[in-house]
Amino acid sequence: MKQNTHPKYEAIVFNDLASGTKFLTRSTATSKKTIEWEDGNTYPVIDVEISSESHPFYTGKQRIMDSAGRVERFNARFAGFGGKK
């Protein structure tokens with residue numbers, strides 16, 4: 001195997017901005033921003049918008065879309081559009 005062709009696979013902290021949850025894992029992603037973890041070591045940290053801690057699919061807090069209400073609003077809004085000539 002060729003040397004120095006693969007990225008470094010190191011410990012990193014991912015910070016979920018939506019839920020405030022942080023988790024330590026390993027990744028090839030890097031960051032200049034650092035955080036001190038519970039074990040006293042300093043790790044790079046990457047802020048993410050959403051993770052399994054805040055995603056509706058994993059949390060079970062999904063929104064149900066009111067498609068019937070949307071169709072009715074659309075029809076009411078464009079009822080007179082393109083009237084008969």
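Keep in mind that the numbers below use all heavy atoms, side chains included, and drop hydrogens, waters and symmetry copies.
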Which ILVMFWY residues are connected to Y9, directly or by a chain of links, through side-chain heavy atoms under 4.5 Å apart?
none
Verify the neighbour count for atom CZ of R26: are there more than 12 heavy atoms of other residues, nucleotides or ligands below 6.0 Å?
yes
Carefully, step by step, assess E72 and N75 under the rule side chain to side chain contact (heavy atoms under 4.5 Å, CB included).
CA-CA 5 Å; E72 291 169 2; N75 288 337; 5.8 Å; no
Option from N15, L24, V13 for which side-chain contact (heavy atoms from CB on, under 4.5 Å) with I35 holds
V13
Give every residue pair that meets the salt bridge (charged side-chain N to carboxylate O under 4.0 Å, His left out) criterion with at least one member in residues 9-22, sequence neighbours excluded.
none
Single-linkage hydrophobic cluster I12~F23, side-chain heavy atoms < 4.5 angstrom
yes
S31: side chain to side chain contact (heavy atoms under 4.5 Å, CB included) partners, not counting sequence neighbours
K33, P44, I46
Between atom CD of E36 and atom CD of E38, what is the distance when rounded to the nearest 0.5 Å?
10.5 Å
For D39, enumerate each residue passing the side chain to side chain contact (heavy atoms under 4.5 Å, CB included) test, keeping only those at least two apart in sequence or located in another chain.
W37, N41, Y43
Ring geometry between F81 and F78 (parallel below 30°, tilted from 30 to 60°, perpendicular above 60°):
perpendicular
